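Take a look at the structure set out below.
Just so it is clear, the structure is predicted and the values come from calculations on it, not from any experiment. All chains are named by letter (A, B, ...) in the order of the sequence lines, taking the proteins before the strands, and each is independently numbered beginning at 1.
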Protein chains: 2
Amino acid sequence: MSVATVSRVWNEAAFVSPETRQRVAAVATRLGYSPHGAARSLITRTTHALGVLLPDLYGEFFSEIIRGIDHTAQAAGYHILVSSSHDSKDEIDAALRSMRGRVDGMIIMSPDLEAQRTLHALQGSFPVVLLNGGAEANAFDSITIENHEGARAMVRHLLARGHKRIAMIGGPQRNYDAAERLRGYRTALMESGIAPDESLVVQGDFSELSGHRAVKPLLALERRPTAIFAANDSMAIGALSALHESGMRVPEDVAVAGFDDIPLARYMNPQLSTVHVDIAKLGERAAALLPSSLLQGARPRQQLQLSTTLVIRSSCGGLVS
Amino acid sequence: MSVATVSRVWNEAAFVSPETRQRVAAVATRLGYSPHGAARSLITRTTHALGVLLPDLYGEFFSEIIRGIDHTAQAAGYHILVSSSHDSKDEIDAALRSMRGRVDGMIIMSPDLEAQRTLHALQGSFPVVLLNGGAEANAFDSITIENHEGARAMVRHLLARGHKRIAMIGGPQRNYDAAERLRGYRTALMESGIAPDESLVVQGDFSELSGHRAVKPLLALERRPTAIFAANDSMAIGALSALHESGMRVPEDVAVAGFDDIPLARYMNPQLSTVHVDIAKLGERAAALLPSSLLQGARPRQQLQLSTTLVIRSSCGGLVS
DNA sequence: TCGATTACTGAAATCGTTTACAGCGCACTC
DNA sequence: GAGTGCGCTGTAAACGATTTCAGTAATCGA
């Protein structure tokens, strides 16, 4: 029998007599045959794969993102092709090129503000969803976290608890999310009429280690902060461990809060107060945008914002009474 | 100019005059051209992608595995195609089929002992590396963790600290790693002449929640355990938080130990004692095996064992004095 | 000046599918 | 009994690259 018939059997399409169907299926299992993905992609012009470009893979944040993406992608019959550690323009370029013809669309998380300019060239050539994009976000489908609002809310909560000197451990320079969270912190302070004190802002890089390191200079200050707000949970966790090592009690001596609400935040001791972000959903939404844009073709660009909620646990002293 | 020339330019091969090379490059950038992955794969019979099949994506363990795989894969010029939540035989079958012609080889982690039989059929048809495989491991290249030795060492340490009633929170049923760790626990007890007490063994499923839940029945026992050994860190963390909630002090009232040494173990309070596994290296090694087997063709199968080391922190009371 | 060599470029086959189109037998209708 | 339609199957042209082979122009040696 001919290849055409086999193809028809495999796609369960058109008119194939039950008996040929049988025969083909039998032979296929006997030979362990399964169709060749690349060949199919070539002619059908669809790969059933989604490209995912991430700056890094370390930590629960990215793990959750991938899990979210994979979850909806898999449900829609897509696989995901992962590529990480792309900060610079050239790396992103290379990754994008190497993915052409291998994926139907891409989810790109490139919080580095510099690197975003690269993306500009992409416009329209390819279905793209931007995760946490900055300036370029509105040139594509995009999803961003309510960074500013979330940070503002958390700092307001700390203020409401009576804290006057609130330190911030910021994220990497040139990182969009980090910048927005810092802005939220400043907004809240300004709104309550507190003069900004730049010695209270220490720069980190979103890693636990950097959170750990940030504590020492803060404790060395003449007028110590009574609360520390970290731009993400990993750094908050690092800070917690550093505070513990220096014999400070949390929240009695220093209150601590983070951002993201990674799964482990609630298992810390004391449990970590944080700004909850449904990280997995961030990934899910992103993955959901792609197939829809593939099917519907040109449609208005969607800009989604993922809302945040305050999760007050014991590390900042609990709810305001 | 012809497609052949363009191809030659792109692959930097053969004799192309510098000026044509120039012209082609210029036009390529002007048109934003980049070669079509599927088409290349079809003729070159190589995809520069590695398939990764995981049972789940939740938690730092898998995150680290992926990170390790991606790290060496990327260095070798490979991307990774991820597919998760494959427990049953049929799911694994489907995933394998859908990856044919899309990847050059696969890394499969299928700790479920049942599902392993599916893999048997794969033999030789495809470069495969098994992660934490059980019975089928020696039919493929494989890497396993020294589960038995690691668990045994940790339990011996607890015994050396004077603990007589050591509880174990086990992993999922039918899971290879979990079974081996439980076996190591039993070996250590037997070696020190302690009669096994099955009421001290609670089953979990590797999740934090299950670790949390496992604590209650243990505390309800007439003769409470003085130490709890969890089959992985996530469950140990869950247990820590449950113990804290019930007002138990760690390590004074109950010592706690885990397995895996996920990055956050040392940031817990108290810091979690655990059996260190270089999880990322597990992934790296796996990824390193594949390209080598692709290049060298038939070579003797390799069975690697990843060694473990004891990391004693404060959650079990520190080093034996 | 002519053949041989060299350096480059183009034509065409190939990879393994999908799919439009054509062909073929058979039943049905008038 | 011829024409029509239907149900099924095979032929062949794509898809977009790589690669072999052949062809052409320039250079060189004799």
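Residue B:S2 is the one, among B:L42 and B:S2, whose nearest nucleotide of DNA chain C lies closer to the 5' end (criterion: closest heavy atom).
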Could you list the donor-acceptor pairs under 3.5 angstrom formed by side chains in residues 46-57 of chain B, with sequence neighbours left out?
unit_1	atom_1	unit_2	atom_2	d
B:T46	OG1	B:D104	OD2	3.3
B:T47	OG1	B:A49	N	3.2
B:T47	OG1	B:R102	O	3.4
B:T47	OG1	B:D104	N	3.2
B:T47	OG1	B:D104	OD1	2.8
B:H48	ND1	B:G77	O	3.3
B:D56	OD1	B:Y58	N	3.3

Throw together a table of side-chain donor-acceptor distances under 3.5 angstrom for residues 31-40 of chain A, partners on residues two or more places apart or in other chains.
unit_1	atom_1	unit_2	atom_2	d
A:H36	ND1	A:A38	N	3.4
A:H36	ND1	A:A39	N	3.3
A:R40	NH2	A:N11	OD1	3.3

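A 4.5 Å side-chain heavy-atom check between A:H79 and B:S98 finds at least one atom pair inside the cut-off.
Note that the first and last nucleotides of DNA chain C, 5' to 3', having any atom under 4.0 angstrom from a heavy atom of chain B are C:dC8 to C:dT17.
Counting any heavy atom pair closer than 4.0 Å across all strands shown, B:T20 reaches sugar-phosphate atoms only and no base atom. Base contact: A:S7 has a heavy atom under 4.0 Å from a base atom.
Put simply, CG on B:D260 and CD1 on B:I279 are 5.0 Å apart, with the number rounded to the nearest 0.5 Å.
Under the 4.0 Å criterion applied to side-chain N and carboxylate O atoms, B:R67 and B:E64 are assigned as salt-bridge partners.
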Just by protein heavy atoms under 4.0 Å, how would nucleotides 20-27 of chain D read 5' to 3' in B, S and -? B-------
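The C1' atoms of five pairs define one axis at each end of the helix from C:dT1-D:dA30 to C:dC30-D:dG1, and these two axes lie 60° apart (to 10°).
Heavy-atom neighbours of B:Q173 CD from other residues, nucleotides or ligands within 6.0 Å: at or below the threshold of 12.
A search for side chain to side chain contact (heavy atoms under 4.5 Å, CB included) contacts involving B:Q74 returns A:S83, A:S84, A:S85, A:H86, B:D70, not counting sequence neighbours.
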